[in-house]
Colleague: 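My structure is below; once you've seen it, I'll send some questions.
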Amino acid sequence: MPVHMLSEGGGRAEAQIPNHLQRIEIKKLTLDSECEDKYVKGHVVLKYPLNVLPNGRQMLKAVIQEHVTQQSSSGIMSINVYFFGMLAKDFSDAVKQGGIVMVTGFSLIRSPTANKDKRHPCQLELFEEKKATVYVQNPKYIYVPLNELKPGVVVNVYGVVTYYKPPFPTKGTDYCSAVTIMDQSGRKLSCTLFSDKLEALPQIYKVGDIVRFHRIKTERFQGELKGVTSAGFSALTFDGRVGGPVIPRTGSKSYHFVEEDQRMLEMLRQWAASRCSPSEQNLSTVQPKQFFDLTCQLVAKAELVKSVLLKVWDGTKCSHPVWKVLEEEDILEGSAVLMYELQNLTVDVQVYDNHIEVAKSLKPGAYLRINNLHAKLHASTAKKQISNENHLQFHLHGGTIYGRGIQVLSADSYDVQELKKKLESAEVRVHPNVSDSVLLDFSINEGTLHAQLERCQQQSVTVLTAHQHMKITSLSNVKNCKPPQKFRIRAKLKSYEPKSLYQSVKRCCPKCRILQEIPDDESLAHLFQDASTRPLNLNLHNDFWYKTAVGCTKNKQQIAFHFLVEDDWEKDAEKTSVMVERASLNEIFQLSRRFGNIIPVTSSEEQLTLLDLSAPFLIQGKSCYYGCKNCSNVTGVRPLRQFVQQESWEATTIAQSLGIQLLHHVFLVKLELDDGTACLDAILWHEADKFFRSLPSEAEVNVALQEELERTMKTLCPPGKGFDELPWLDCCIMTYSTEDGVFNQIFDTVVAEETDILFNC
DNA sequence: GCTTAGGTTTTG
C-alpha cells in the first residue's frame with residue numbers, strides 16, 4: 001500500500017513510520033538534494049480534484065506546507081506535490097485537507113509555477129512504481145475556512161475575534177455571548193453563543209484574541225450566515241499576538257490540542273498581525289477623538305451624579321494635557337498617598353449608563369480593560385479656563401456596541417503581566433516636600449506602587465483602629481523578635497479554637513487578672529444538690545430586712561425564700577430580688593424566669609451565707625455571675641436594702657455589697673495565623689469585645705448574637721477554602737512572656753464592617 | 001430538548 005494511514009489525533013506521526021527514514025525540511029530541498037531515506041513532512045493546505053491526463057493516467061496536485069514553529073513568517077514554506085497513478089486515487093480518497101502527510105520516494109524537479117505561486121522553486125513528484133510512499137495522519141477535527149461555510153451544518157472553525165459582547169443573562173435559561181470572527185479568507189462569521197454555564201462561553205479578553213469553536217452550527221439569518229452553539233459546543237480562546245502564550249482559556253475539562261492547532265493558531269496570529277492596526281493604545285499614544293482599548297490599573301474611583309469617575313494609570317504619560325474631573329479629591333475612594341504619587345500619570349475616565357454598575361463594583365488596585373474608550377477634546381466652555389490648550393477627557397459612553405465595556409482582568413493574565421512591567425518601569429515623578437515625607441516613607445516601605453494598589457483589592461476583613469502607618473512585619477520576624485513588642489501584621493486565619501464562640505466566653509478577674517474556670521452544668525447541679533441537703537435554720541427566718549416563706553417541691557423538699565421587705569413580689573416579680581435556700585439548679589433556673597435577681601444562700605448557725613464561690617452568687621435571667629476566689633472577702637449576707645432603694649441591681653453593686661470581686665466575662669479565642677512566612681498562634685482576649693464589637697456576657701446567653709459571631713468567624717476563616725482563597729487580616733499584635741511561655745495577643749484591631757472594607761485601603 | 005439574541009459609535 002503506497003498510502004499508509006496513521007492513527008488519528010494526538011499521537012506523534014513520526015513514531016508510526018519506519019525509523020530509518022530521516023526528515024528533510026522543505027526549505028532545505030534543492031534539485032541536488034540526496035533524497036533516499038528522506039521524507040518531507042507537511043500539512044495539506046490545498047488538495048485539487050483528481051485529474052486524468054491525456055495518456056489516461058490519473059494525476060493529483062496538492063500543496064503541502066511545512067510549519068516551523070518559529071516566530072517569523074519565513075518559517076512557513078509550501079511546496080507543490082504531484083501524485084500519479086493509483087497513488088493519486090488513493091491520496092484523493094484517503095487524505096483530508098489539513099491532514100499531516102509524510103512523503104518518501106519522491107523525485108525533485110524544478111517548479112514551472114514558482115514565480116507565480118511563490119511556493120518552493122522545486123516540486124515533488126510521486127510515482128507508485130518508483131516506490132513512493134505517503135504516510136497520512138488525518139486531523140481528528142477539520143476546521144472549515146469561513147468562506148467555505150454553508151448554512152445548516154455543524155462545523156469546527158478558527159478565527160480572530162473582531163467583535164464580542166461579553167456573556168450576559170438572557171430572558172431564557174442561558175447566558176448569551178456574541179462573537180464575530182474572521183479568518184484568512186477575509187470572511188466574517190457572527191456567532192451567537194448560548195450556555196447555561198458561564199465558563200463554557202469563550203473567555204475573550206479583547207478584540208484580536210483567537211478562538212477555536214467546536215460544533216458551531218451555521219444558519220441563515222436576515223440574509224447572512226450566522227453561527228450558533230450546537231450540542232457539545234466548546235471553545236478555546238488564545239491571546240492573538242505573535243509570540244503570545246499558547247495557553248488556551250477554556251471551561252472544558254479536557255480538550256484536544258495538537259500540532260495542527262498550534263499551526264492554525266500561529267498562522268492566524270501572523271495574518272492578524274499583518275492586517276489591521278490594533279485598537280489598543282497607551283495613554284502616551286492615544287490621539288484626540290480616538291476610540292481605543294485601554295489596559296490599566298484602577299487607582300481610585302468616585303460616584304458622581306450621572307457617571308462614575310475612574311482614576312486609572314497604565315504606566316505611560318499622556319502626551320496631551322488631561323482634563324481633571326474633580327478639583328477636590330476628597331470624595332475619591334482609594335489611597336490618597338498613591339493618588340498623590342501617581343498624579344502625573346493618572347487620567348480620569350468617566351463612565352456612563354449601563355457601565356455604571358460595573359464601575360461601582362470595582363476596587364482600587366483592580367486591573368482593567370476598558371474597551372472603546374473615547375478620548376475627547378474637552379469643550380472649553382468655561383470662561384475661567386486660562387489655558388488655550390485643549391484638554392483630553394476620557395469617556396466610556398453608554399451601550400455595548402463595538403464591545404464597549406469594562407472588564408476586570410485576572411492578575412495572572414498575560415495582559416496584566418505585560419501591564420505590570422510597564423507600571424514597574426514607569427517614571428513616577430513627585431516632588432516630595434517636608435509634610436509629605438511621612439507618606440512617602442509609608443509607600444517606600446510597601447513595595448512597588450502597583451503592588452500596593454493590588455493589595456488594596458485584597459481587602460482585609462479586619463481593620464486597625466490605630467497604627468495604620470506602622471510597617472507590616474512578617475510573622476517569621478515576629479517570631480524572631482524578643483518579647484515584649486508590638487507589631488502590625490497581615491496574615492490569614494487558618495483555624496481557631498473553640499469552634500463555637502460562646503464556648504470561648506470565660507471569666508476573668510479584673511483585679512488579679514487570673515482566668516477562672518466556670519463549672520459546667522453538671523458540676524453546678526452537684527453544688528446546689530449538696531447545699532440543698534443542709535438543714536434550714538428557722539432562727540434565721542424573717543429579719544428586719546427580709547421576710548421568709550417556705551415552699552415545698554414535688555419531692556417534698558423544703559425551699560426557703562427570703563424576700564427583701566421592700567419588694568412587692570406579687571406585683572412586680574421581675575424586679576424582685578430573692579435569696580433562695582435549698583433549691584436545685586433546675587429550680588433556680590425556673591425561679592429565675594419569674595424573679596429578677598436570685599441569690600443562692602445557705603444557713604450557717606448565725607446567719608445566711610453565700611454558697612461556695614464555685615457557684616454563681618447571682619442569677620439574672622440566663623446570666624450567672626461569679627466571684628473571684630482570690631480577691632473576694634465574703635462574710636455573711638448583709639442587708640441588701642440600700643440596693644433596693646437605689647433600684648440599682650447591677651451585678652457589680654450587689655457583688656460589692658456581698659464583699660465579692662466580680663469576675664468579668666471575656667472572650668478567649670486562639671487564632672492560628674499564617675502569612676506565608678510562618679505560622680503563629682495569637683490570642684484574642686482583653687480586646688476581644690472590641691474586636692467582635694460584642695459583649696461576651698451577651699454572647700453567652702443571646703442565641704442571635706451567637707449566630708452572628710459564628711457568621712463573623714466564617715468571614716474571617718471561610719470553611720473549606722484553601723490558603724490562597726482565605727481573606728487577609730490586618731492585625732496589631734503584642735508579644736509578651738509569662739511563666740507559661742510567650743504569648744501573642746491581638747489589640748487595636750476590629751472585624752471590618754462593610755463600609756470599612758470599602759475604605760480600608 | 002426548547003428558549004434565549006441577533007452589536008455597527010456619545011455627544012455627558
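Chain letters run A, B, ... following the sequence lines, proteins first, then strands; residues in each count from 1.
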Colleague: Whole Å only: how far is the NE2 atom of A:H378 from the C1' atom of B:dT10?
Modeller: 15 Å
Colleague: Verify, without hydrogens or angle tests, whether A:R269 (side chain) and A:D239 (backbone) share a donor-acceptor contact under 3.5 angstrom.
Modeller: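 Here the side-chain-to-backbone pair exists.
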Colleague: At less than 4.0 Å, is any side-chain N or O atom of A:K376 found next to OP1 or OP2 of B:dT11? Yes or no.
Modeller: no
Colleague: Regarding A:G398, tell me which of base, sugar-phosphate or nothing describes its non-hydrogen contacts under 4.0 Å with the strands shown.
Modeller: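 If one applies the 4.0 Å heavy-atom cut-off, A:G398 turns out to touch a base.
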Colleague: Is a side-chain donor or acceptor of A:N138 paired with a backbone partner of A:G99 at a separation under 3.5 angstrom?
Modeller: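 No.
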Colleague: Which nucleotide in the set B:dG7, B:dA5, B:dT3 lies at the smallest distance from any side-chain heavy atom of A:D174?
Modeller: B:dT3
Colleague: Between A:A231 and A:K306, name the one whose nearest nucleotide on DNA chain B is closer to the 5' end.
Modeller: A:A231
Colleague: A:K197 NZ to B:dT4 P: how many Å, rounded?
Modeller: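 So the two atoms are 20 Å apart, to the nearest Å.
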Colleague: Does A:R404 or A:S195 map to a spot on DNA chain B nearer the 5' end, using the closest nucleotide for each?
Modeller: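 Per heavy-atom nearest nucleotide, the more 5' residue is A:S195.
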Colleague: Using whole Å, what does the distance between atom P of nucleotide B:dT10 and atom NZ of A:K289 come to?
Modeller: 16 Å
Colleague: Does A:K165 put a side-chain nitrogen or oxygen below 4.0 Å from OP1 or OP2 of B:dG6?
Modeller: yes
Colleague: Roughly how many Å is it from NZ in A:K217 to C1' in B:dT3, rounded to a whole number?
Modeller: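 Computing the A:K217:NZ to B:dT3:C1' distance gives 12 Å.
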Colleague: Quick one: does A:T173 reach the base of B:dT4 with a side-chain donor-acceptor pair under 3.5 Å?
Modeller: no
Colleague: For A:F194 and B:dT4, say yes or no: do the ring centres fall under 5.5 Å of each other while the ring planes differ by less than 30°?
Modeller: yes
Colleague: Starting from P on B:dA5, measure out to OH on A:Y163 and report it in whole angstrom.
Modeller: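 So the two atoms are 14 Å apart, to the nearest Å.
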Colleague: Can you figure out which of B:dG6, B:dG7, B:dG12 approaches the side chain of A:I401 most closely?
Modeller: B:dG7
Colleague: Among B:dG6, B:dT4, B:dT9, find the nucleotide with the atom closest to the side chain of A:K226.
Modeller: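 Of the candidates, B:dG6 comes closest.
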Colleague: Please answer whether B:dT9 and A:Y402 are stacked, defined here as ring centres separated by less than 5.5 Å and planes angled under 30°.
Modeller: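 It does: the ring sits over the base of B:dT9.
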Colleague: Kindly say whether A:E424 contributes a backbone atom to a donor-acceptor pair with the side chain of A:T448 at under 3.5 angstrom?
Modeller: no
Colleague: A:K188 has a side chain; which of B:dT8, B:dG6, B:dT3 sits nearest to it?
Modeller: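 The closest nucleotide is B:dT8.
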Colleague: Rounded to whole angstroms, how far apart are CD on A:Q222 and C1' on B:dG7?
Modeller: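 It is 12 Å, rounded to the nearest whole Å.
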Colleague: Could you state the CG-C1' distance from A:D196 to B:dG1, rounded to the nearest angstrom?
Modeller: 13 Å
Colleague: Would B:dT8 be called syn or anti, given that syn covers angles within 90° of 0?
Modeller: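 It is syn.
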Colleague: Check whether the side chains of A:W271 and A:Q184 place a donor and an acceptor atom closer than 3.5 Å, and report yes or no.
Modeller: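 Checked: A:W271/A:Q184 side chains show no N/O donor-acceptor pair below 3.5 Å.
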Colleague: Do A:S190 and B:dG6 share a donor-acceptor pair, side chain to base, under 3.5 Å?
Modeller: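 Such a pair does not exist between side chain and base.
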Colleague: Counting only side-chain heavy atoms from C-beta out, which of B:dG12, B:dG6, B:dT10 sits nearest to A:E219?
Modeller: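 Of the candidates, B:dG6 comes closest.
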Colleague: I want to verify a distance call: between B:dG6, B:dT10, B:dT4, whose nearest atom is closest to the A:T192 side chain?
Modeller: B:dG6
Colleague: Atom CG of A:N371 and atom P of B:dT10: how far apart are they, to the nearest Å?
Modeller: 17 Å
Colleague: Name the nucleic acid region contacted by A:Y164, choosing base, sugar-phosphate or nothing; use a 4.0 angstrom heavy-atom cut-off, strictly under.
Modeller: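 It contacts nothing in the nucleic acid.
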Colleague: As a test of reading the structure: which of B:dA5, B:dT10, B:dT8 is closest to the side chain of A:F291, going by heavy atoms?
Modeller: B:dT10
Colleague: Using a 3.5 Å distance criterion without hydrogens, assess whether the side chain of A:Y141 forms a donor-acceptor pair with backbone atoms of A:H256.
Modeller: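 Absent.
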Colleague: Consider ring pair (Phe, Tyr, Trp, His ring centres under 6.0 Å). Of A:Y414, A:F257, A:Y158, which one does A:F238 pass it with?
Modeller: A:F257
